[in-house]
2 protein chains.
Amino acid sequence: MPKQPNIYDVAVAAKVSHQTVSRVINHSPSIKPETKSRVLLAMETLGYRPNLAARALALSKTNMLGILTSDTDFTGPASMAHHMESAARAQGFFVVTCGIDPSDEKSVKDGIEHLMKLGIEGLAVIAPQLEAVEVIRKMVGSVPVVTLDSMYRMDELAVSVDNFSGGSAATQHLVDLGHRNIVHISGPKNWFESTARAAGYTATMLTAGLTPRVIEGDWELSTGHRIGLEVNLESKALSAFFIANDRMAIGFLHAMRQRGISVPGQVSVVGFDDLEESGYCWPPLTTLRQDFKELGNRAMSLLLDEILGKPGRKLDRLIPDLVIRDSTAAAAESTGQ
Amino acid sequence: MPKQPNIYDVAVAAKVSHQTVSRVINHSPSIKPETKSRVLLAMETLGYRPNLAARALALSKTNMLGILTSDTDFTGPASMAHHMESAARAQGFFVVTCGIDPSDEKSVKDGIEHLMKLGIEGLAVIAPQLEAVEVIRKMVGSVPVVTLDSMYRMDELAVSVDNFSGGSAATQHLVDLGHRNIVHISGPKNWFESTARAAGYTATMLTAGLTPRVIEGDWELSTGHRIGLEVNLESKALSAFFIANDRMAIGFLHAMRQRGISVPGQVSVVGFDDLEESGYCWPPLTTLRQDFKELGNRAMSLLLDEILGKPGRKLDRLIPDLVIRDSTAAAAESTGQ
DNA sequence: AGGCTAAATGTGACCGCTAACATGAACAGG
DNA sequence: CCTGTTCATGTTAGCGGTCACATTTAGCCT
């Protein structure tokens with residue numbers, strides 16, 4: 001295969017110096033239109049493509065961004081990553097993704113090391129566990145890092161969903177419907193989203209003079225299902241569940257159907273995320289919508305502003321919307337209908 | 001910020017020449033252990049990190065791979081991309097993803113151009129539309145391309161699910177249960193997966209002496225739902241649907257519930273994909289499982305073999321598994337129960 | 001026409017790394 | 001003790017761009 005042409009080849013073909021070619025590439029203003037078109041023609045005929053490695057070397061600027069994403073196929077992270085990539089590309093940046101297992105410190109470190117070798121100029125982290133974030137911030141040196149829906153600190157770039165207010169809204173909705181015994185099925189304790197949602201739940205329960213009760217889950221569909229099968233619904237007029245994500249909620253609803261318990265007749269259920277499926281399950285799930293696209297876009301915008309030295313805010317917070325569907329209804333008086 | 005150290009800095013610190021440092025980096029055999037550890041120490045204390053742009057320039061080898069993925073947040077593509085990335089990283093390659101809208105030729109071209117500028121050494125395409133693939137193969141020159149579950153040709157790298165046999169198995173399952181009027185709700189015509197599944201369906205229907213009938217869908221949940229609401233179930237003892245993906249099937253099941261039509265009592269439904277939710281919808285969906293992880297791994301393995309010059313096969317095909325759940329049952333005699 | 005300024009283009013060095021070749025030290029055999 | 005090998009290391013050039021600066025050309029005024 002014949003080697004790729006470089007600026008010198010183009011220069012010869014266009015009868016100009018290599019620097020002139022470089023000027024054309026970089027849209028330098030002081031170049032005669034006539035020369036410019038001659039160079040452009042030469043580039044076209046030779047099939048010239050600038051070598052980004054060479055440019056990166058000369059400028060010490062790689063135009064690369066990294067996305068560190070947790071090791072799952074959940075739609076949330078995938079969607080955020082996807083939209084971040086689009087936003088970055090629009091600004092001429094390349095996005096290198098790197099999947100990690102956030103519970104394994106070695107995996108996290110290897111992932112970062114991998115990205116740092118590349119010379120990334122910014123990093124987005126979609127790994128919403130408390131531990132991982134600290135490790136990451138230490139390793140990247142002066143590379144800006146934006147976290148998505150994760151650690152929440154005033155001094156760092158972060159876009160997050162206001163999980164506290166989401167948890168609170170979910171709970172308040174159930175309280176408003178007259179429910180008294182509301183149980184929260186949470187995510188794992190070491191996820192920031194999880195603790196914030198639980199905190200919103202707890203605060204709202206206490207404010208309403210109710211007793212919070214939390215069952216720890218792990219985001220998994222199968223776990224929601226299992227808890228749904230096991231939970232004791234006889235003892236004390238248990239009438240509502242706020243479940244920390246839709247996947248567990250979908251599993252939970254399935255368990256209710258299997259047990260012949262009517263939702264929302266006997267039990268009301270609120271989820272969190274608003275997956276597409278949530279509107280089509282049985283019954284359609286009341287939930288809190290997270291706008292992953294918006295989250296991804298804002299995160300990338302924060303990161304790019306930081307890289308390009310624009311001032312701007314460092315924190316951004318999205319409020320999830322309560323989407324009321326059929327899985328919640330007013331509580332029956334004292335005992336179930 | 002102090003500039004990143006380079007090999008010369010390390011060389012000075014270790015009192016060797018820069019080339020010796022380079023040799024240590026590249027694990028050259030002829031280096032005295034004593035010298036090597038001295039260099040290693042110097043690198044450690046200076047916090048040296050090799051500059052990949054410089055290496056790429058010197059070697060004309062970027063170690064970059066591209067993934068072109070269609071513009072959706074479906075779990076299939078996300079999962080495949082994710083597993084391809086892991087496999088590539090294990091071999092020291094970097095993966096740059098690029099989301100495109102495969103129905104928009106400009107978007108496809110821009111995406112490829114973006115990746116080609118980087119100097120990718122291989123490309124994986126997860127954009128299962130007929131048109132896109134041809135455009136892509138033309139643009140990449142001699143860069144190897146692997147397609148996932150897409151165009152299927154004997155002369156190119158490709159991993160695909162045997163959609164024909166999947167469509168056939170789904171249909172045969174319904175035929176075996178005694179259904180006579182089986183309708184297929186397909187994906188869009190310009191997707192290869194779509195036409196292959198439909199072909200499997202049609203062939204099996206004809207073999208069984210039945211009349212195929214296809215309604216064209218578009219993969220969307222909402223479309224499955226809409227078709228489910230609109231479809232005429234009275235006229236001719238319509239008793240079974242083979243739906244080209246689980247998302248549409250989930251929407252369809254929802255419509256059946258809303259219309260009070262019992263599944264599988266009156267109508268049997270088979271999907272395709274085996275999403276996690278499919279096992280937890282109502283009723284749990286009979287479907288064909290696609291192993292996205294395996295698909296991603298095999299695709300990357302094919303691509304890397306090609307890049308690294310190993311011989312090996314060029315085509316790989318996975319057979320989807322029929323997963324029988326509760327949404328299918330034997331047909332009632334003549335008219336519905 | 002001469003002289004001055006601005007616009008357009010050319011020249012050389014350098015970014016950090018590796019390949020190819022050159023050199024030096026250590027050691028063997030005669 | 002000298003030469004021929006081998007091993008370990010050093011030296012130089014070049015990958016394909018960009019920058020800083022040098023040079024040429026063009027435009028304008030007097």
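Naming convention: chains lettered A, B, ... in sequence-line order (proteins, then strands); numbering from 1 in each chain. These figures come from a predicted structure and were not determined experimentally. Excluded from the calculations below are hydrogen atoms, water molecules and symmetry mates; all remaining heavy atoms, backbone and side chain alike, are included.
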Q. To the nearest angstrom, how far is B:Lys61 atom NZ from C:dC17 atom C1'?
A. 15 Å

Q. In whole Å, what is the span from the CZ atom of A:Arg23 to the P atom of D:dT18?
A. 11 Å

**Q.** Gap between atoms CG and P, on B:Leu57 and C:dC15 respectively (whole Å)
**A.** 13 Å

**Q.** Rounded distance (Å) that lies between atom P of C:dC14 and atom CG of B:Asn51
**A.** 18 Å

Q) Run the salt bridge (Lys or Arg N to Asp or Glu O under 4.0 Å) check on A:Glu113 and A:Lys117 step by step: do they pass? A) CA-CA 6 Å; A:Glu113 194 52 42; A:Lys117 268 194 286 198; over 6 Å; no

(Q) Can you list, in residue-number order, the parts of residues 25-47 of chain A that come under 4.0 Å of DNA chain D, counting heavy atoms only? (A) A:Asn26

Q) Between B:Arg38 (side chain) and B:Ala14 (backbone), is there a donor-acceptor pair under 3.5 Å? A) yes

Q: Decide yes or no, distance alone: a donor-acceptor N/O pair under 3.5 angstrom between the base of C:dG16 and the side-chain of B:Arg49.
A: no

Q: Indicate yes or no: does A:Arg137 engage A:Glu156 in a salt bridge with an N to O separation below 4.0 Å.
A: yes

Q: Calculate the interatomic distance between B:Leu118 atom CG and D:dG16 atom P; express it in whole Å.
A: 16 Å

Q) Looking only at heavy atoms, what is the nearest atom pair of B:Ala87 and B:Met300, with distance? A) CB-CG, 3.6 Å

Q.
It should be established whether A:Ser22 places a side-chain nitrogen or oxygen under 4.0 Å from OP1 or OP2 of nucleotide D:dT18.
A. yes

Q. Between A:His114 and B:Phe94, is the ring centre distance below 6.0 Å?
A. yes

Q: Check each residue of residues 5-20 of chain B for a non-hydrogen atom within less than 4.0 Å of any atom in DNA chain C, then write out the ones that pass by number, or none.
A: B:Asn6, B:Ile7, B:Tyr8, B:His18, B:Gln19

(Q) Ring-plane angle category for A:Tyr8 and A:His18, please: parallel below 30°, perpendicular beyond 60°, tilted otherwise. (A) parallel

**Q.** Donor-acceptor contact below 3.5 Å, side chain B:Thr62 vs main chain B:Gly119
**A.** yes

Q. Is it true that the side chains of B:Ser103 and B:Asp101 contain a donor and an acceptor less than 3.5 Å apart?
A. yes

Q | Shortest non-hydrogen contact between A:Met84 and A:Ala124, atoms and distance | A | CE-CB, 3.2 Å

**Q.** Whole-Å distance separating the CG atom of B:Leu52 from the C1' atom of D:dC15
**A.** 15 Å

